[in-house]
Amino acid sequence: MKAMIELQNVEKEFNGQLVIPPFSLTINEGEFFTLLGPSGCGKTTLMRMIAGLEIPTRGEILLAGSPVSKLPPYKRDVNMVFQQYALFPHMNVEENICFGLKMKKVPLHEQQKRAEEVMALTELTEYRYRQPKELSGGQQQRVAIARAIVNNPKVLLLDEPLGALDYQLRKHLQLELKKLQKDLGLTFLYVTHDQEEAITMSDRIAVMNKGHLEQMGTAHEIYHEPKTRFVATFIGENNILCQGDYCYALRPEKVNLHDPAIALEKTSTYRLYAGVVENVVFQGTIDKVFVRLREKDFDLPVLMAYQYFDDKRRWRPGEEILVGWEGPDAVKVES
Amino acid sequence: MKSLRHRLLFAYAMVVLAFLYIPIVVLVLYSFNASRINAQWSGFTLDWYISVFQNRYVLEALYNSLTIGLIAMVVSTILGTMTALALHRYKFRWKGAIHSLVYLPILIPEIVMGLSLLVLFSQLAIPLGKLTVIIAHISFCISFVIIIVLARLEGLGREMEEAAQDLGATPWQTFRYVTFPMISPGVMAGALMAFTLSIDDFVISFFVAGPNSTTLPLYIYGMVKRGVSPEINALSTILILFIFLVTVALVILPERFRNRMGDKKTQRQMPF
Ligand SMILES: Nc1ncnc2c1ncn2[C@@H]1O[C@H](COP(=O)(O)OP(=O)(O)O)[C@@H](O)[C@H]1O
Ligand SMILES: [Mg+2]
């Protein structure tokens with residue numbers, strides 16, 4: 001696997017304030033890589049440094065092996081899809097798409113050929129003579145992507161490209177984008193604060209918090225083996241059980257609910273605790289059941305569990321209950 | 001209730017408009033009056049217009065006004081646009097102070113401007129003439145251009161330029177293909193504004209004009225000293241018509257442009 005982007009102890013200060021402490025990261029060729037973190041954690045800043053729109057205070061950025069941190073944005077072989085698209089309002093769709101080729105003085109017939117291909121790929125051919133303001137949000141977004149990929153960049157940078165769209169369209173475009181990336185074999189660096197989006201689309205995810213890297217890994221690893229308390233609670237829902245200096249993350253779907261009246265066969269790794277149902281919240285496909293534990297040794301008074309409807313019974317507040325889980329399902333995390 | 005209030009408001013607006021325009025309408029009417037005496041109407045004529053255009057001095061003044069106006073427009077538009085770009089793009093220490101200095105020439109009484117320019121020119125021993133009028137006009141037009149272009153730039157944000165650079169445009173290409181086309185409605189409005197202000201100006205020109213640089217307003221003033229004649233009315237009507245046409249262009253052209261640019265935020269309005 002070839003490294004496409006390498007960040008080597010990249011730091012960024014704004015007005016003397018450290019926004020990104022030394023940050024290192026390697027993104028491989030052809031990978032769909034996502035930076036995930038709450039807003040304000042420095043995702044955009046990191047991406048802008050790769051694009052050349054911000055200059056790192058310290059550290060080096062390598063693109064396909066060669067250092068680029070001294071190069072201006074127009075000499076870097078990466079393209080960015082801006083959060084608000086930033087389409088040129090005085091040009092039509094086709095002119096927007098051809099802009100990069102025109103600036104690089106690509107011969108006209110070649111410009112035409114590549115624009116046709118990209119418009120066909122993004123289903124924009126019929127809108128080629130429209131002005132950006134005459135397009136819907138989703139179409140504008142496709143123009144922004146077409147305008148970037150027509151340049152055959154080494155890496156496509158996408159800064160929350162679906163953030164401005166409604167839920168249904170976002171779901172649809174997530175799959176489209178993923179397919180596009182696979183078909184083109186392009187390296188994608190994707191930024192989002194939406195953990196669901198990150199999990200659906202990415203080959204690998206880097207979870208960021210306050211400018212530093214919390215954890216990096218596949219979606220599966222990030223979800224099932226969170227290394228820190230932040231990752232455990234930022235991605236999906238988790239119960240954090242602390243005993244002394246040690247904390248464990250336990251997914252609510254791993255928690256089983258038992259009726260105390262029915263006898264259980266216990267295995268050596270199975271943990272079982274008594275409690276009272278405090279609240280039940282209907283959530284469509286599941287009930288969220290909140291259980292107040294009798295034992296106080298977890299530093300967590302109320303445990304959350306998911307109860308699927310095809311399960312045995314529905315619980316009511318005030319009922320006596322037993323909660324149980326397999327020991328290994330509680331993952332140790334740094335607090 | 002509402003319709004009464006509506007009608008009152010409408011009537012009020014009409015009164016204000018009448019107050020503004022009746023003197024001008026009277027002047028225009030008398031420019032077509034056959035009688036030499038202003039006070040009474042004795043039939044329609046175009047004689048005064050013909051005599052105005054046969055007057056060598058009038059034509060010279062018109063020529064002076066137009067050349068001074070055009071040169072002042074071009075120079076102040078270029079300098080003003082560049083200043084606006086610099087003020088918009090770069091952060092420097094005295095930016096706030098310079099920003100407010102830009103507004104000052106608009107607020108300073110014209111008579112003070114004119115006097116100070118006169119003092120300056122005589123200190124530098126520059127003979128009064130077309131050059132001094134042009135310099136004076138440029139100096140007060142620049143502020144208006146800066147303010148109009150700056151307003152346009154402020155609405156633009158940095159993202160378009162960043163997108164252009166990201167797509168491979170050098171700084172010059174970014175300006176040529178993105179920044180300039182997007183601010184051009186503002187630049188055009190600034191240019192037209194500068195042109196009208198220059199054609200209009202009397203007070204400052206009065207101080208800094210020399211023997212061969214009589215502009216139309218100065219010439220009209222000179223004529224009035226010898227008594228109000230129908231020729232003056234005719235000449236003033238021409239000036240009014242001219243300014244009116246430029247003003248219409250000022251309102252309509254940038255609007256046209258804006259529509260083409262797909263800018264929904266800015267509404268139809270005079271530059272300020
Ligand atoms: N140009 C700038 N000047 C000063 N501070 C900035 C600038 N850009 C970003 N920041 C600060 O850097 C931090 C990270 O911002 P950003 O990278 O936009 O976060 P994210 O994209 O994750 O929401 C924020 O605290 C923000 O206020
Ligand atoms: Mg951001």
Side-chain angles (χ1 to χ4, degrees), chain A residues 14-15 44 47-54 71-93 95-106 111 130-135 140 143-153 155-159, chain B residues 81 85 88-96 148-149 151-190 252-268:
Chain A
F14 286 115
N15 315 319
T44 299
M47 182 168 265
R48 286 170 60 86
M49 286 194 288
I50 295 169
L53 299 169
E54 296 296 348
L71 289 182
Y74 53 91
K75 287 191 183 152
R76 297 191 190 192
D77 217 355
V78 297
N79 283 120
M80 184 154 168
V81 175
F82 288 77
Q83 190 162 6
Q84 304 299 329
Y85 314 141
L87 301 180
F88 304 126
H90 56 297
M91 301 178 195
N92 66 26
V93 169
E95 288 164 341
N96 262 286
I97 292 174
C98 286
F99 184 84
L101 302 175
K102 189 173 153 192
M103 293 304 108
K104 282 169 224 137
K105 307 212 162 57
V106 172
Q111 281 185 31
R130 295 236 191 133
Q131 301 289 316
K133 66 163 175 178
E134 297 166 335
L135 299 175
Q140 289 184 19
V143 178
I145 289 169
R147 184 177 74 169
I149 59 176
V150 75
N151 302 294
N152 285 331
V155 181
L156 189 65
L157 308 171
L158 301 104
D159 190 2
Chain B
T81 303
L85 284 168
H88 178 64
R89 178 141 336 150
Y90 300 109
K91 290 194 184 110
F92 42 87
R93 262 185 92 177
W94 302 105
K95 190 168 168 167
I148 295 171
V149 175
R152 181 78 203 170
L153 276 169
E154 234 92 89
L156 200 66
R158 289 280 292 135
E159 222 183 25
M160 293 294 159
E161 294 180 338
E162 286 180 349
Q165 295 225 348
D166 181 69
L167 289 166
T170 62
W172 166 248
Q173 285 176 319
T174 302
F175 179 76
R176 164 80 181 71
Y177 294 106
V178 175
T179 317
F180 188 74
M182 294 193 65
I183 61 166
S184 60
V187 174
M188 214 154 65
I252 287 178
L253 282 186
E255 170 74 9
R256 279 263 174 94
F257 240 79
R258 247 179 243 139
N259 280 344
R260 244 189 58 203
M261 314 275 279
D263 194 338
K264 281 175 239 161
K265 276 174 285 179
T266 37
Q267 301 148 6
R268 170 182 278 264

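All values derive from a computational prediction rather than experimental measurement. Just the heavy atoms: all of them, side chains too, but no hydrogens, waters or symmetry mates, feed the values below. Protein chains get the first letters and strands the later ones, always in sequence-line order, with residue 1 at the start of each.
- Under the side-chain hydrogen bond (donor to acceptor under 3.5 Å, both in side chains) criterion, Asp159(A) pairs with Thr44(A), not counting sequence neighbours.
- Using a 4.5 Å heavy-atom threshold, the side chains of Pro181(B) and Met91(A) count as separate.
- Heavy-atom contacts from other residues, nucleotides or ligands closer than 6.0 Å to NZ of Lys104(A) number more than 12.
- Closest approach of His90(A) to Tyr177(B), counting heavy atoms only: NE2-O, 2.9 Å.
- Between chain B and the residues Pro73(A), Gly100(A), Gly52(A), Pro72(A), the most heavy-atom pairs under 4.5 angstrom are made by Pro73(A).
- One distance of note links CZ of Arg48(A) with CD of Glu162(B); it measures 4.0 Å at 0.5 Å rounding.
- Using a 4.5 Å cut-off between heavy atoms, Arg147(A) contacts chain B through both its backbone and its side chain.
- Contacts of Leu87(A) with chain B are made by backbone atoms alone, with heavy-atom separations under 4.5 Å and no side-chain atom involved.
- In terms of heavy-atom proximity, Ala86(A) sits nearest to Met160(B) at O-SD, 3.8 Å.
- A pairwise comparison of heavy atoms in Leu167(B) and Ala148(A) identifies CD2-CA, 4.4 Å as the closest pair.
- In this structure, chain B has a heavy atom under 4.5 Å from the side chain of Asn151(A), while its backbone stays farther away.
- Neither the backbone nor the side chain of Glu134(A) comes within less than 4.5 Å of any heavy atom in chain B.
- Side-chain contact between Phe99(A) and Val178(B): present, with at least one pair of heavy atoms (C-beta onward) separated by less than 4.5 Å.
- Atoms CG and CD, from Leu53(A) and Glu159(B) in turn, are 10.0 Å apart once rounded to the nearest 0.5 Å.
- Between Gln173(B) and Tyr74(A) the shortest side-chain heavy-atom distance does not fall below 4.5 Å.
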